[in-house]
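Below: the structure, in structure tokens.
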Amino acid sequence: MFDEAARQKIAALAEEIGVEPAALLAVAEVESAGRAFDIVDGKDMPLIRWEGHYFYRLLPQSLKKPALAKGLAHPNAGGVPNPKSQQARYNLLKRAKEIDEVAALSSCSWGLGQVMGAHWSWLGYATVQELVTEACAGIVGQVQLMSKFIVRSKLTDELRKNNWAGFARQYNGAGYKKMGYDTKMAGAYARQSAAGSNLDPDDEDAPTVLRVGVSGVDVSQLQEKLRKLGYTVNVDGDFGPATKQAVTEFQQDHDLRPDGIAGPLTWSVIERLQGTPEDV
């Protein structure tokens, strides 16, 4: 779903918040479910979800009764069902804006990150309209909005550690495991890492991409090779912070992207320096 221009811009956003491009791309892939836009009134618009209980809470008392009467507000979550089509949801939003524009825009979740408009001030926007403008500014605008939410929610550490369960628990809520968000993100991360390394994930002969959290014989072989090349690392089969540091130092020494991930290019340089055929 991401063309090369979008990938590069999202990668730049990832660097701004200090996470791997593949990690942010993975979250974007899963949250969008492969669909970031729909046609609404003839235009590409971000996906929205209406939350009638937000609208009820945000309206002044004098406007609650007409909103309830029109089926736009409800004191309980889920009390206002979301129409199936995005066109119908935007039509509902239009009706709500006629009652109170700020409350209406604040009562939607916006874009592939499903960020509530009500967070506009918390996220540093001057107005809710400014948040909506960013959400409507293409896929990069949607990821920018999502990135701001991730940073403000202090979730960058989870992404840096590839702690998908920890990330999903906070980002997607307590039901994350039932919906499989953590496993979906882990899988998307592997795909995005492979794509970023020009690695075909279905190529059985390709070297294994190793990163923090991986363990096993492949990691042990990597550690052994790094030790032979003079880098300080224990051969324990566990890709932890020390192994990442050794990989990063190797990459810096050989003009590779210092991301601490042993991908195909890093492997090829290691093998070339050791003068042995690739065996991993």
Side-chain angles (χ1 to χ4, degrees), residues 1-3 5-38 44-51 53-55 57-58 86 89-90 93 97 101-174 176 179 181-182 184-185 188-189 192 196 259:
M1 63 170 289
F2 304 121
D3 61 23
R7 287 181 64 87
Q8 291 180 5
K9 290 178 181 178
I10 294 171
L13 291 175
E15 291 180 4
E16 286 180 15
I17 66 174
V19 303
E20 282 183 66
L24 191 58
L25 282 160
V27 177
E29 177 186 324
V30 171
E31 290 300 320
S32 67
R35 179 168 169 251
F37 303 100
D38 204 347
D44 281 340
M45 295 295 289
L47 305 188
I48 63 171
R49 180 175 176 80
W50 180 251
E51 302 293 353
H53 62 298
Y54 269 76
F55 197 47
R57 190 177 72 221
L58 293 172
Q86 286 293 313
R89 294 184 188 190
Y90 272 92
L93 173 61
K97 286 169 64 178
E101 179 175 341
V102 172
L105 295 176
S106 298
S107 299
C108 280
S109 65
W110 291 91
L112 59 83
Q114 301 178 52
V115 177
M116 285 301 300
H119 296 315
W120 62 269
S121 179
W122 184 65
L123 293 175
Y125 294 97
T127 63
V128 66
Q129 288 87 347
E130 187 176 301
L131 180 151
V132 172
T133 296
E134 181 135 84
C136 294
I139 198 165
V140 174
Q142 293 185 43
V143 177
Q144 176 72 65
L145 171 58
M146 183 179 72
S147 298
K148 288 181 179 179
F149 185 84
I150 288 170
V151 171
R152 191 69 175 85
S153 301
K154 303 185 187 302
L155 286 171
T156 51
D157 280 348
E158 278 68 26
L159 288 185
R160 292 184 189 118
K161 297 173 183 176
N162 301 150
N163 178 9
W164 301 113
F167 179 87
R169 172 65 182 83
Q170 296 180 67
Y171 195 93
N172 302 106
Y176 78 94
M179 300 300 293
Y181 280 109
D182 54 336
K184 290 176 183 177
M185 287 180 185
Y189 175 72
Q192 295 295 343
D259 57 8

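It should be emphasised that the depicted structure is a prediction, and the values quoted were computed from it without experimental measurement.
Note that CG of Leu155 is 11.5 Å distant from OG of Ser147, once rounded to the nearest 0.5 Å. Here Glu16 contributes atom CD and Ile10 contributes atom CD1; the two are 12.5 Å apart, rounded to the nearest 0.5 Å. The line from CZ of Phe167 to CE of Met185 is 5.0 Å long, rounded to the nearest 0.5 Å. The CG atom of Leu105 sits 13.0 Å away from atom CD of Glu130, with the distance rounded to the nearest 0.5 Å. Distance SG/Cys136 to CH2/Trp110: 5.5 Å, rounded to 0.5 Å. Rounding to the nearest 0.5 angstrom, the gap separating the CG atom in Leu159 from the CH2 atom in Trp164 is 5.5 Å.
Residues Gln142 and Phe37 meet the side-chain proximity criterion, which asks for heavy atoms closer than 4.5 Å. At least one side-chain heavy atom of Glu31 sits under 4.5 Å from a side-chain heavy atom of Gln114. Side-chain contact between Leu145 and Tyr125: present, with at least one pair of heavy atoms (C-beta onward) separated by less than 4.5 Å. A 4.5 Å side-chain heavy-atom check between Thr156 and Ile150 finds at least one atom pair inside the cut-off. Taking 4.5 Å as the limit, some side-chain heavy atom of Glu158 sits within range of a side-chain heavy atom of Gln170. No side-chain heavy atom of Asn172 sits under 4.5 Å from any side-chain heavy atom of Lys184. For the pair Gln129 and Glu101, the minimum side-chain heavy-atom distance is below 4.5 Å. The shortest side-chain heavy-atom distance between Arg89 and Trp50 does not fall under the 4.5 Å cut-off.
When every heavy atom of Tyr189 is checked against every heavy atom of Ala26, the shortest pair comes out as N-CB, 3.5 Å. Residue Leu131 comes nearest to Met116 through the heavy atom pair CD1-O, 4.2 Å, listed as atom of the first residue, atom of the second, then distance. When every heavy atom of Ala28 is checked against every heavy atom of Val143, the shortest pair comes out as CB-CG2, 4.3 Å. Taking each heavy atom of Gln192 and Ala22 in turn, the nearest pair found is CB-O, 3.8 Å. Considering all non-hydrogen atoms of both residues, Leu93 and Ala104 come closest at CD1-O, 3.6 Å.
Residue pairs satisfying the ring pair (Phe, Tyr, Trp, His ring centres under 6.0 Å) criterion with at least one member in residues 127-161, sequence neighbours excluded, are listed as follows: His119-Phe149, Trp122-Phe149, Phe149-Tyr171.
With sequence neighbours excluded, the residues that form a side-chain contact (heavy atoms from CB on, under 4.5 Å) with Ser106 are Leu58, Val102, Ala118, Trp120, Val128.
Using a 4.0 Å cut-off between charged nitrogen and carboxylate oxygen, Asp38 and Arg35 count as a salt-bridge pair. By the 4.0 Å N-to-carboxylate-O rule, Lys148 lies close enough to Glu134 to be salt-bridged with it.
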Item to check | Worked check of side-chain contact (heavy atoms from CB on, under 4.5 Å) between Met146 and Leu24 | outcome: CA-CA 9 Å; Met146 183 179 72; Leu24 191 58; 3.9 Å; yes

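Checking side-chain atoms of Glu15 against main-chain N and O of Pro21 turns up no donor-acceptor pair under 3.5 Å. Side-chain atoms of Arg152 do not come within 3.5 Å of backbone N or O of Leu123 as any donor-acceptor pair.
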